[in-house]
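In what follows, every heavy atom counts, from backbone to side chain, and hydrogens, waters and symmetry copies are set aside.
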Amino acid sequence: MMEFITETYKELKRMNVRQFLGQALQLGLIVTSALMIWKSLMLVTGSESPVVVVLSGSMEPGFYRGDILFLNMGKAPIRTGEVVVFNLDGRDIPIVHRVIKVHERRNGTHIDVLTKGDNNFGDDRALYNKGQDWLHQHHIMGRAVGFLPKVGMVTIIMNDYPYLKYALIGVLGLLVLTNKDA
Amino acid sequence: MHSIYHRLNTAVTFFGTVAAVLCILTSSTDLLHKSNPNIKLGLREVRRLVQHHGGKDQAVVTFDVNADLRSVFTWNTKQLFVYVQAEYETQENRINEVVLWDSIVQQKDKAVFKLSNHKTKYAFIDPGHNLRGRDVNLTLVWCVMPRVGRMYTERHTVSVGKMPATYI
């Protein structure tokens, strides 16, 4: 580890300004490509967060903590059985649960939706804001269409231990900066 | 040139690529799978039809299900989420869907349902008072949840006639 740090330091010292700027540009390119991919996914799926990590056990045994869901909003109206991600007014953390009741008005402008976690005993009215009986279209951020097990555990661990996240970003950044191939 | 970093980077990238391709291939085998489930479904009895507190109609019903969903399972199926719902149209609403009963099946052998005169798991409540004399459909729905990849849903609907014209 010590060796790695001194090596990196020597490498950085040896570089001239031109080289350093080139490498910094390289790093910037990586960050912006990631951002571009994310934003394009948002456009394609119509969902403001196209990929979510399951944070609770309320959908077990289908989804466990750390599983990844791919979301799509689509034009089709919400129907029962779909697993939707919704955000309650005034809350930060989105919830992933299954739709168990739908009442859609004749003109199609208004929809009442009730959700429930597969692993929960009762429906989500206990979870909703006080006096709220239904979710409406604007609460819903997307519906789950694809599933990838376990991979999201990485982000959960990094959120639980933020220093690990900073360390990882720092090391990766240094590696890109001192990369000799570019 | 062949530093530890490079070797590690190549190994991790290669592992990721292979894993992603395998996941896509595995999920796409489901597209070729054709299931032929055998389903009988019906409403047995309307035991009560009352005004719930607050003027909402509530029906107490029993139903029959005779379904064999074993052919839905593939090697990539983690579980089926199976449910029965009532569907009806009202003057106000084009779509009303109310889930009455559900079950999670994780093993292929257990995907056979024989329910007779079965009580609902969830209350059959209309948000208004629209259930009297209402034409109702029952639908058996199975959501296929994969080990990896695409989730999809299939259904079987039957018309079960009208609800009683008066409260009982």
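Both the backbone and the side chain of A:Val102 come within contact range of chain B, judged by heavy atoms closer than 4.5 Å. Looking at A:Asp67, the atoms closer than 4.5 Å to chain B (heavy atoms on both sides) all sit in the side chain, from C-beta outward. For a residue to count as touching a neighbouring chain, one of its non-hydrogen atoms must lie under 4.5 Å from one of that chain's; by this rule A:Ile111 does not touch chain B. With a 4.5 Å cut-off on non-hydrogen atoms, B:Arg147 touches chain A through its backbone but not through its side chain. The contact between A:Pro61 and chain B is made by backbone and side chain atoms together, counting heavy-atom distances below 4.5 Å. Within the 4.5 angstrom heavy-atom criterion, no atom of B:Tyr152 approaches chain A. Of the two parts of B:Glu92, the backbone and the side chain both hold a non-hydrogen atom closer than 4.5 Å to a non-hydrogen atom of chain A. In this structure, chain A has heavy atoms under 4.5 Å from both the backbone and the side chain of B:Val148. Interface residue B:Gln106: only side-chain heavy atoms are found under 4.5 Å from chain A. For a residue to count as touching a neighbouring chain, one of its non-hydrogen atoms must lie under 4.5 Å from one of that chain's; by this rule B:Thr90 touches chain A with the backbone only. Contact of B:Ile125 with chain A is made through backbone and side chain together, with heavy-atom distances under 4.5 Å.
In this structure, A:Arg98 forms a cation-pi arrangement with B:Phe81, its terminal cationic atom sitting closer than 6.0 Å to the ring centre and no more than 45° off the ring axis.
Between A:His139 and A:Phe86, the ring center distance fails the sub-6.0 Å criterion. Taking the six-membered ring for Trp and the full ring otherwise, A:His103 and A:Trp134 have centroids separated by under 6.0 Å. Between A:Phe147 and A:Phe63, the distance separating the two ring centers is shorter than 6.0 angstrom.
Of the N and O atoms on the side chains of A:His136 and A:Asp112, at least one donor lies less than 3.5 Å from an acceptor on the other residue. Using a 3.5 Å distance cut-off with no hydrogens or angles, the side chains of B:Gln85 and B:Thr139 do not pair a donor with an acceptor.
Classification of A:Arg65 and A:Glu60 as a salt-bridged pair fails, no side-chain N sitting under 4.0 Å from a carboxylate O.
When each of B:Asn9, B:Val98, B:Val141 is scored by its heavy-atom pairs under 4.5 Å with chain A, the top score falls to B:Val98. Considering only heavy-atom pairs separated by less than 4.5 Å from chain A, the leading option among B:Thr153, B:Asp102, B:Asn93 is B:Asn93. Ranked by non-hydrogen atom pairs under 4.5 Å with chain B, the options A:Glu82, A:His110, A:Lys101 are led by A:Lys101.
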* Before giving the answer on side chain to side chain contact (heavy atoms under 4.5 Å, CB included), spell out for B:Asp126 and B:Tyr88 the whole-Å C-alpha distance, their side-chain angles and the decisive distance to 0.1 Å. => CA-CA 10 Å; B:Asp126 181 75; B:Tyr88 54 96; 2.4 Å; yes
* **Residue pair A:Ser56, A:Ser58: steps toward the side-chain hydrogen bond (donor to acceptor under 3.5 Å, both in side chains) verdict** => CA-CA 6 Å; A:Ser56 81; A:Ser58 60; 3.0 Å; yes
